[in-house]
Amino acid sequence: MHSALQSTLDPHGPGAAYALELLWVMGIGATLVLLLVTVFTLYGIFARPERRRWLGRASVVVAGGVLLPIVTLGALLVYGFWPRERAGEEPLRIEVTGEQWWWRVSYAADGGRPGFETANEIRIPVARPVEIALKSGDVIHSFWVPSLSGKMDMIPGRVNQLRIRADREGVFRGQCAEYCGGAHQAMALLVVAESPARYDAWAVNQRAPAAEPQDSWARSGQALFVSGGCAACHRIAGTAAQGSNGPDLSHVGSRLSLAAGMLPNHRGTLAGWIAGNQQVKPGNRMPEFRHFQGPELRALAAYLEALK
Amino acid sequence: MSREETAAALPNPQGITPEQFERLRRVWDPPRGIRFLTVVNNNYIGLLYIATAMLFFVLAGVLALIMRVQLAVPENDFVSQSLYNQLFTMHGTVMMFLFAVPVVEAMAVLLLPNLIGARDLPFPRLGAYAFWAYAIGGVLFFCSLFVGLSPAGGWFMYPPLTGEQYSPGVNSDLWLLGIGFIEISAIAGAVEILVGILRTRAPGMGLDKLPLFAWALLAFAFMIVFAFPSVIVATALLELERALGWPFFRAEAGGDPLLWQHLFWFFGHPEVYIIFLPAAGMVSMILPTMAQTPIAAYRLIVLALVATGFLSFGLWVHHMLATGMPALSLAFFSGASMAVAIPSGIQVFAWIATIASGRLRLHTPALFLLGFLFIFTLGGLTGVMVAMVPFDLQAHDSYFIVAHLHYVLIGGMVFPLFAALYYWIPMTSSRALSERVGKWVFGLTFAGVNIAFFPMHISGLLGMPRRVHTYRDYLGWDWLNMVSTIGAFTIAAGVALFLFDLARNFRTRIEGHRAGNYWNGGTLEWLPSGTFASHSIPRVESRYPLWDQPNLSEDVEAGRYYLAGTVTGTRETLSTSAIHAHPQFVKQLPGPSWLPLAAALGTALFFYALTFKWGTAAMGLGVLTVAAILRWLWIGTDLPPHAPVDIGGGLILPVNAQGRTSHSWWAMIVLVLVGASIFTCAAAVYLYLWTAGPEGWPQTTGDPLPSVLWPLAAAALLVGSGFALAAATRAQRAGARRQMLLRLLLATVLLVGAGFLEIYGHWHSGLRPAESAYAAAVWALLSLQGCYVSVLVVMALYAGARELAGLLSAERRASFDNLLPLWTFAIVQGLLAMAVVHMVPRFAGA
């Protein structure tokens, strides 16, 4: 998680690169104008009256107040809205739904292969355009992965499209950018850009049913998952757990983080989240399962961790 | 000409006697002791207003400091997530709605009459009422923080987050209520300012000699008239959705969350200029004095103020660039957002030109102006940057925007305000503030603002979103946030020092020995004056009369100009024509009264009772409010006829006025403009929801519409009501009491009947407002008409009662005349609303 990038100043996709280019161009322009205004003002105060007299003329007001902005802003508009080439390659299509306070990620069925669902983590093949359909399940959220692209809102009743592309492999962090109440701060996601081969392997694994528990310890965890209340909200493919209010956990063990980017993902944090999630993310929709005994928690966590 | 000859040419060459002056002073004497609460004069209300607004500035600033402590280090737990969310919501709301807009209005209340040579604002009791409603309502609203009932939906309150489902409890209702007070006081302020500027200027002060602050206030008031209705409609709709389930913003019922954003920002963007324009106007007043030279490019500045007002209405979508708008509209709004840089550029260069033409004395006000120039220019430039869509998609809702908006608002508004306080305090205090302390105040705030907010540009670019109560240590934002926190406390130190200086040196003095024309200003507010403004009202021949008209101060003080002393024996001001300021009549003004305070208390508590669903209490308070207002109208307006008076210079003027010259008629026209904007917004809501979700409209659903007979009958009654009112007017003018009363009654019955028929038609067809966005939009228009009908019924009863009491005649008829514009408007609005509601589903394609 520490290596994850979340900065517009370190772009690795075309959208972010363009925005940074604009930042440089406009930032330098703005600095020059600010300098001009400051120098003129100081000159107007401190220069000798006969030398600064020209600065008091109405023509200066027209030149500085009308002509200067028209010329610079006109040029800026032409530059900014000049059509840019668009990649023609068929994009990968993903649907991301903002929920209070996590991200539901759906990969569409592809040819004969079924779609699948995951949460808080998007894997994409490097260098391929990805078209993300953005939706909301409750309130307005905004999808923002600064190193890849600008943000786009997720609005109930609407579907917005955002095209991103990662130009290099890596883990890019994003965060909800539209205030969505309570734990808005704790709504991060990771975009993992991988080589096409690794991406394909990952997708094949995601489509497969969840891993069967390998030992009795994990088997008791699975039983507890189905009977202990978890299944009401969570789905684990191939089991009786088919809830859909919360994240799909079929391959939760394969994810890099837990709780929408809040925790590293291992047995300890899994157990901690189950029993004390309101400490991590106050107000989140999951109840704290405090009545689970230590061994029960450990069994559950072991089972989930193994769902690679 | 010799000194004596010049004096002889003045309107009132012999001046006033000490007895006459004593009479003037007594008439304007402010109430003392506990009765000071009944004060209505603009000087006192203005000071109270500024003090209250500054209190909210300090309180909201303290909230900011708490947030800065929380954000100083990563993963801090100084405040909880839920408290933090309340803090930033309250910080934004209080700063924008309880500080920035009110303080500008407060400055207008204090300064405007003094600037234009009026004795008071045209509606002193309205001013007092607006102030008290704001002060009482605002303080109660702020207290919600102490009981955990503060709103937590952000100052922009986007639904569905702020709808009943995701924000149960009264917190969001309290926000809507808090905004209600500012809506009332803003509209009241706009009425005062427009009528004041257009009708009570000193003789000779044509619009081309109007001080630039007054020009800015004209633009400000017009912008309030056209922008506030949008937020009035938005808040009303959200409250209807929350309280009664009318689904305007719920997508699953055909509503659209973006509707709120359009309405909110159609107000919210002009709001920025509503705050900035008066501040720019103050800069254009202070700078010439500081440089001891007239402002450069006066006409261009006026043009820039007006242009900013217009352009600001074309910018609202730039707050919504990330909502997935079509590319073409993005380009349009992007261009419009940049165009607004032109009028700002004109002003910046005009100020530079003014500095260059004179010799800037670097006193504290001048320092704040220079700070303003730098900070505001920087904020404006980042504004141009975020108008560029691809960049904005990165900057939007990140700390870059937090930096930008604080540069614009602090630079564009708080610095000019501090300059203004330092500049104008000698006008209302026996001592000026300390220059030595003032330089420290400036240094601390200027450094603090840059230390606090410049790093936020960078933390935003490093990916830090707004409105997060904490952040992870590995994101690299920690040191920037620590610097910002240090900057915030530096600003706080500057403000604290200012308050200390204020406590040490500010001694309210409206009359008698004041610090006076401390800076050698050239405009009328620096005349020797008291509660009554100046002893006589000068004839203005220049933009800087005190510089250009020799002996003006002495002559005015000796009473050698117009309206020396009091000519009617009551408070009065001179009413002049709108463009050229030719004297027209003498307007008598009301004095101290408990009624504005009672009405304000009633209004504030009424809204709270309603929010907490205390039905009986709300009803009682509503009655109290209406009773207090009617009582003040009854005893203080539409005064008995008075013989014409001699105001000097051979001018014999009538006292008060009827019909279209009267101030109340002008005020009513302003209200009608507000009403027209409200109706436009409500109709736009209907049409917007239709285009956003036509599948919910009867063309698609096939739901029955009311028979066309209902609206036709209602329209006939409406038109009939208009004719009946016209007939009543004729009878009123002819003094035919019985006929007038009967016709007025008929007009009222027809008006109510029309509303009833239209409502019944929809109810009969089975339309229920909570069913769908379509139904809600229709009922919103019906309810709006219902509001006007209720108000007009009360006004008609009032006019009838005045007639029965023998207080209405051909020469004394404002109570009746005021009905006419509003009634006409209600008829037009009713017809238009029915046209929209009945024709769109029938004739517009599905």
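Below, chain A is the first sequence line, B the second, and so on; all start at residue 1.
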Item to check | Interface moiety of B:Arg359 toward chain A, non-hydrogen atoms closer than 4.5 Å | outcome: both
Next on the checklist: Between B:Leu462 and chain A, with a heavy-atom cut-off of 4.5 Å, which part of the residue counts as in contact: side chain, backbone, both or neither?
Outcome noted: both
Checklist entry - Most heavy-atom pairs under 4.5 angstrom with chain B, which of A:Ser149, A:Cys176, A:Ser147, A:Gly29? => result A:Ser149
Next on the checklist: Is A:Glu178 close to chain B through its backbone or its side chain, or both, or neither, when contacts mean heavy atoms under 4.5 Å?
Outcome noted: both
Next on the checklist: With a 4.5 angstrom heavy-atom cut-off, is it the side chain or the backbone of B:Ala297 that approaches chain A, or both, or neither?
Outcome noted: side chain
Checklist entry - Counting heavy-atom pairs under 4.5 Å to chain A, which of B:Leu360, B:Thr377, B:Thr293, B:Ile342 comes out on top? => result B:Ile342
Next on the checklist: Contact between B:Ile346 and B:Leu303 at the side-chain level, heavy atoms closer than 4.5 Å - yes or no?
Outcome noted: no
Item to check | Option in B:Ala322, B:Ser357, B:Ala251 with maximal non-hydrogen atom pairs under 4.5 Å from chain A | outcome: B:Ala322
Item to check | Region of B:Thr323 that comes under 4.5 Å of a non-hydrogen atom in chain A | outcome: both
Checklist entry - Which atoms of B:Gln261 come close to chain A, meaning under 4.5 Å heavy atom to heavy atom: side chain ones, backbone ones, both, or neither? => result side chain
Next on the checklist: So which residue, A:Val159, A:Ile70, A:Leu77, A:Leu134, ends up with the most heavy-atom pairs under 4.5 Å with chain B?
Outcome noted: A:Leu77
Checklist entry - Does a side-chain heavy-atom distance below 4.5 Å link B:Ile352 with A:Val61? => result no
Next on the checklist: Is the distance between the ring centroids of B:Tyr158 and B:Phe264 under 6.0 Å?
Outcome noted: no
Item to check | Aromatic centroids of B:Trp351 and A:Phe40 separated by under 6.0 Å | outcome: no
Item to check | chain B contact via A:Leu76 - which portion, at a heavy-atom distance below 4.5 Å | outcome: both
Next on the checklist: Are B:Leu373 and B:Leu369 packed together at the side-chain level, in the sense that at least one heavy-atom pair is separated by less than 4.5 angstrom?
Outcome noted: no
Next on the checklist: Contact between A:Asn160 and A:Met154 at the side-chain level, heavy atoms closer than 4.5 Å - yes or no?
Outcome noted: no
Next on the checklist: Tell me if the centroids of the rings in B:Trp260 and B:Phe156 come within less than 6.0 Å of each other.
Outcome noted: no
Next on the checklist: So, applying side-chain contact (heavy atoms from CB on, under 4.5 Å) with A:Trp101, which one of A:Gln185, A:Lys281, A:Met262 is it?
Outcome noted: A:Lys281
Next on the checklist: If I measure from the heavy atoms of chain B, does A:Ile155 come under 4.5 Å with its side chain, its backbone, both, or neither?
Outcome noted: side chain
Checklist entry - Counting heavy-atom pairs under 4.5 Å to chain A, which of B:Ser82, B:Gly345, B:Ser334, B:Pro160 comes out on top? => result B:Pro160
Checklist entry - Between A:Glu99 and A:Arg104, is there a salt bridge with N-O shorter than 4.0 Å? => result yes
Checklist entry - By a 4.5 Å heavy-atom criterion (distance strictly below it), what part of B:Phe249 contacts chain A: side chain, backbone, both, or neither? => result neither
Checklist entry - Just wondering, do A:Tyr179 and B:Arg466 contact through their side chains at under 4.5 Å, heavy atoms? => result no
Checklist entry - Tell me, side chain or backbone of B:Tyr84 under 4.5 Å from chain A's heavy atoms, or both, or neither? => result neither
Next on the checklist: Heavy-atom pairs under 4.5 Å with chain B: which of A:Gly182, A:Gly80, A:Gly157, A:Ala58 has the most?
Outcome noted: A:Gly182
Next on the checklist: Can you tell me which portion of B:Thr354 sits under 4.5 Å from chain A's heavy atoms? Options are side chain, backbone, both or neither.
Outcome noted: neither
Checklist outcome for this item: All heavy atoms of A:Lys151 vs all of B:Asp392, minimum pair found to be NZ-O, 4.4 Å
Next on the checklist: Could you report the tightest heavy-atom contact between A:Pro129 and A:Arg163, atom names first, then the distance?
Outcome noted: CB-NH1, 4.0 Å
Next on the checklist: Can you tell me which portion of A:Gln100 sits under 4.5 Å from chain B's heavy atoms? Options are side chain, backbone, both or neither.
Outcome noted: side chain
Checklist entry - Are any of the side-chain heavy atoms of A:Leu22 and A:Tyr79 separated by less than 4.5 Å? => result yes
Checklist outcome for this item: When every non-hydrogen atom of A:Leu36 is compared with those of A:Leu68, the smallest separation belongs to CD2-CD2, 3.8 Å
Item to check | Which portion of A:Tyr43 sits near chain B, non-hydrogen atoms under 4.5 angstrom | outcome: neither
Item to check | Partner chain A: residue of B:Thr162, B:Val389, B:Thr470 with the largest heavy-atom pair count (under 4.5 Å) | outcome: B:Thr470
Next on the checklist: Does any backbone or side-chain atom of B:Met338 lie under 4.5 Å from a heavy atom of chain A? Answer side chain, backbone, both or neither.
Outcome noted: both
Next on the checklist: If we check side-chain hydrogen bond (donor to acceptor under 3.5 Å, both in side chains) with B:Arg467, which of these qualifies: B:Thr89, B:Asn85, B:Asp397?
Outcome noted: B:Asp397
Item to check | B:Pro159, part contacting chain A, at a heavy-atom distance under 4.5 Å | outcome: backbone
Next on the checklist: As an exercise: rank A:Gly27, A:Ala177, A:Pro69 by heavy-atom pairs under 4.5 Å with chain B and give me the winner.
Outcome noted: A:Ala177
Checklist outcome for this item: Applying a strict 4.5 Å limit to non-hydrogen atoms, the region of A:Leu148 in contact with chain B is neither
Item to check | Residue selection (most heavy-atom pairs with chain B, distance under 4.5 Å) from A:Arg158, A:His184, A:Arg57 | outcome: A:Arg158
Item to check | Heavy-atom side-chain contact between B:Met388 and B:Pro390 under 4.5 Å | outcome: yes
Item to check | Under 4.5 Å from any heavy atom of chain A - which part of B:Leu362 | outcome: side chain
Item to check | Proximal component of A:Asp138, with respect to chain B [non-hydrogen, under 4.5 Å] | outcome: both
Next on the checklist: Can you confirm whether A:Leu256 sits close enough to A:Asn265 that some side-chain heavy atom of one is under 4.5 Å from a side-chain heavy atom of the other?
Outcome noted: no
Checklist entry - For A:Ala183, is it the side chain, the backbone, both or neither that has a heavy atom under 4.5 Å from a heavy atom of chain B? => result both
Item to check | Taking every non-hydrogen atom, the tightest pair across B:Gly411 and B:Ile375 | outcome: CA-CG2, 3.5 Å
Checklist entry - Which bit of B:Ala366 is near chain A, if near means a heavy-atom gap under 4.5 Å: side chain, backbone, both or neither? => result neither
Next on the checklist: Which one wins on heavy-atom pair count under 4.5 Å against chain A: B:Phe374, B:Tyr471, B:Tyr166?
Outcome noted: B:Tyr166
Checklist entry - Are B:His457 and B:Tyr407 near enough that their ring centres are under 6.0 Å apart? => result yes
Item to check | Engaged part of B:Pro257 at the chain A interface, taking heavy atoms whose separation is under 4.5 Å | outcome: side chain
Checklist entry - Which answer fits A:Ala16, side chain, backbone, both or neither, if we ask what part of it has an atom under 4.5 Å from a heavy atom of chain B? => result both
Checklist outcome for this item: Checked B:Ala291, B:Ala353, B:Gly380 vs chain A; the most non-hydrogen pairs under 4.5 Å come from B:Ala353
